[in-house]
Q: 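Below you'll find the structure I mean.
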Amino acid sequence: QVQLVESGGGLVQAGGSLRLSCAASGGTFSNYAMGWFRQAPGKEREFVAVISRTRITSYADSVKGRFTISRDAAKNTVFLQMNSLKSEDTAVYYCAAAPGYSGDYRDYRYWGQGTQVTVSS
């Protein structure tokens, strides 16, 4: 059983930056692809970024060029660096772990509790 705990969310002005962290415990971190998803009020959960066990990455078109996903095996942590934030990035951000590399939330087995990101315009 893998436990995931996100941190780093908050309130930021448009154009600003935030760095989200997701600490994993209770399992073998290197066995999982790690993804970030987000959900805004009244909207479905959507894919943001994924990083494979071998650090292959993929991004949603809406964040490509602005967000960067990375992972630190020594710290069992995955990060999401978010730059040039826009009001439409406002959402609860979740990290998740999957056995395979995927952008489909249904493939993810373990989820964190989420962290709120609010971008003011």
Side-chain angles (χ1 to χ4, degrees):
Q1 189 81 3
V2 176
Q3 292 82 44
L4 302 172
V5 179
E6 301 99 334
S7 60
L11 174 64
V12 63
Q13 288 189 331
S17 298
L18 281 175
R19 189 192 196 204
L20 305 184
S21 299
C22 173
S25 62
T28 304
F29 182 66
S30 60
N31 284 350
Y32 296 93
M34 299 298 296
W36 286 96
F37 293 79
R38 65 187 182 187
Q39 188 165 19
K43 295 188 177 181
E44 293 186 354
R45 189 168 299 192
E46 66 172 351
F47 166 75
V48 175
V50 59
I51 185 166
S52 75
R53 292 175 290 176
T54 56
R55 292 182 168 77
I56 296 170
T57 60
S58 181
Y59 299 89
D61 287 344
S62 59
V63 307
K64 203 171 293 184
R66 300 188 297 122
F67 291 12
T68 302
I69 189 171
S70 60
R71 64 191 297 165
D72 185 330
K75 297 180 179 179
N76 285 356
T77 301
V78 61
F79 303 98
L80 186 68
Q81 178 67 44
M82 305 186 296
N83 298 329
S84 302
L85 282 161
K86 306 175 181 179
S87 58
E88 51 262 46
D89 294 319
T90 295
V92 177
Y93 282 71
Y94 299 89
C95 76
Y101 183 68
S102 173
D104 187 337
Y105 74 91
R106 293 169 293 184
D107 292 329
Y108 284 75
R109 188 172 298 173
Y110 304 106
W111 291 83
Q113 81 289 348
T115 185
Q116 176 70 47
V117 171
T118 302
V119 183
S120 63
S121 56

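The figures that follow rest on heavy atoms only: side chains count, while hydrogens, waters and symmetry mates do not.
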Q: If you group Ile, Leu, Val, Met, Phe, Trp and Tyr whenever their side-chain heavy atoms sit less than 4.5 Å apart, what else falls in with Val5?
A: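 Other cluster members: none.
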Q: If two hydrophobic side chains count as joined below 4.5 Å and joins carry through other members, does Val50 share a cluster with Trp111?
A: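 Both belong to a single hydrophobic cluster.
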Q: Once ring-ring contact (aromatic ring centres under 6.0 Å, His included) is applied, what residue pairs with a partner in residues 47-70 remain, sequence neighbours excluded?
A: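 Counting only pairs at least two positions apart or across chains, the ring-ring contact (aromatic ring centres under 6.0 Å, His included) contacts touching residues 47-70 are Phe37-Phe47.
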Q: Once rounded to the nearest 0.5 Å, what's the spacing between atom OG of Ser21 and atom CG of Leu4?
A: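 One finds 12.5 Å between OG of Ser21 and CG of Leu4.
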Q: Just how far is it from atom CH2 of Trp36 to atom CE of Met82, taken to the nearest 0.5 Å?
A: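 Going from CH2 on Trp36 over to CE on Met82, the span is 8.0 Å.
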Q: Has Lys43 got more than 12 heavy atoms of other residues, nucleotides or ligands less than 6.0 Å from its NZ?
A: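 Result for NZ/Lys43: open.
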Q: Does atom CZ of Arg66 have more than 12 heavy-atom neighbours, drawn from other residues, nucleotides or ligands, at distances under 6.0 Å?
A: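 Yes - once you tally the heavy atoms of other residues, nucleotides and ligands closer than 6.0 Å, there are more than 12.
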Q: Let me confirm one number: the OG1-CG distance from Thr68 to Leu80, rounded to the nearest 0.5 Å.
A: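 Spacing of OG1 (Thr68) from CG (Leu80) equals 8.0 Å.
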Q: Which atom pair, heavy atoms only, marks the closest approach of Ser121 to Ala14?
A: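 Shortest heavy-atom contact: CA-CB, 4.2 Å.
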Q: Between atom CG of Asn83 and atom CZ of Arg19, what is the distance when rounded to the nearest 0.5 Å?
A: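 Rounded to the nearest 0.5 Å, the CG-CZ separation comes to 11.0 Å.
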Q: Would you give me the side-chain donor-acceptor pairs under 3.5 Å for residues 94-108, sequence neighbours excluded?
A:
{"unit_1": "Tyr101", "atom_1": "OH", "unit_2": "Thr57", "atom_2": "O", "d": "3.2"}
{"unit_1": "Tyr101", "atom_1": "OH", "unit_2": "Ser58", "atom_2": "N", "d": "3.4"}
{"unit_1": "Ser102", "atom_1": "OG", "unit_2": "Asp104", "atom_2": "N", "d": "3.0"}
{"unit_1": "Ser102", "atom_1": "OG", "unit_2": "Asp107", "atom_2": "OD2", "d": "2.6"}
{"unit_1": "Asp104", "atom_1": "OD1", "unit_2": "Arg106", "atom_2": "N", "d": "2.9"}
{"unit_1": "Asp104", "atom_1": "OD1", "unit_2": "Arg106", "atom_2": "NE", "d": "3.0"}
{"unit_1": "Asp104", "atom_1": "OD2", "unit_2": "Arg106", "atom_2": "NE", "d": "3.1"}
{"unit_1": "Asp104", "atom_1": "OD2", "unit_2": "Arg106", "atom_2": "NH2", "d": "2.7"}
{"unit_1": "Tyr108", "atom_1": "OH", "unit_2": "Ser102", "atom_2": "O", "d": "2.4"}

Q: Answer with yes or no whether the hydrophobic clustering places Ile69 together with Val92; edges join I, L, V, M, F, W, Y residues whose side-chain heavy atoms lie under 4.5 Å apart.
A: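 No, Ile69 and Val92 fall in different hydrophobic clusters.
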Q: Indicate yes or no: at least one non-hydrogen side-chain atom of Val119 is less than 4.5 angstrom from one of Leu18.
A: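 No. Closest side-chain heavy atoms not under 4.5 Å.
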Q: When you compare the side chain of Val78 with that of Ile51, does any pair of heavy atoms fall below 4.5 Å?
A: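 Yes, at least one pair of side-chain atoms sits under 4.5 Å.
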Q: Which side-chain N or O atoms in residues 22-35 pair as donor and acceptor under 3.5 Å with protein atoms at least two apart or in another chain?
A:
none

Q: I'd like to check Arg38 versus Val63 (side-chain heavy atoms, cut-off strictly below 4.5 Å). Are they in contact?
A: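 They are in side-chain contact.
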Q: Would you please test Glu6 and Gln113 for side-chain contact (heavy atoms from CB on, under 4.5 Å) and show each step?
A: CA-CA 7 Å; Glu6 301 99 334; Gln113 81 289 348; 2.9 Å; yes
Q: How many angstroms lie between atom CG of Asp89 and atom OG1 of Thr118, to the nearest 0.5 angstrom?
A: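 Here the interatomic distance stands at 11.0 Å.
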Q: Could you list all the salt bridge (Lys or Arg N to Asp or Glu O under 4.0 Å) pairs where at least one residue sits in residues 70-85, not counting sequence neighbours?
A: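 Output for this query is empty, none listed.
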Q: Could you walk me through whether Val117 and Leu11 pass side-chain contact (heavy atoms from CB on, under 4.5 Å), step by step?
A: CA-CA 6 Å; Val117 171; Leu11 174 64; over 6 Å; no
Q: Pairs in or reaching into residues 70-89: which pass ring-ring contact (aromatic ring centres under 6.0 Å, His included), with residues at least two apart or in two chains?
A: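 Matches after skipping sequence neighbours: none remain.
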Q: To the nearest 0.5 Å, what is the distance between CD on Gln1 and CZ on Arg109?
A: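 Here the rounded value is 10.0 Å.
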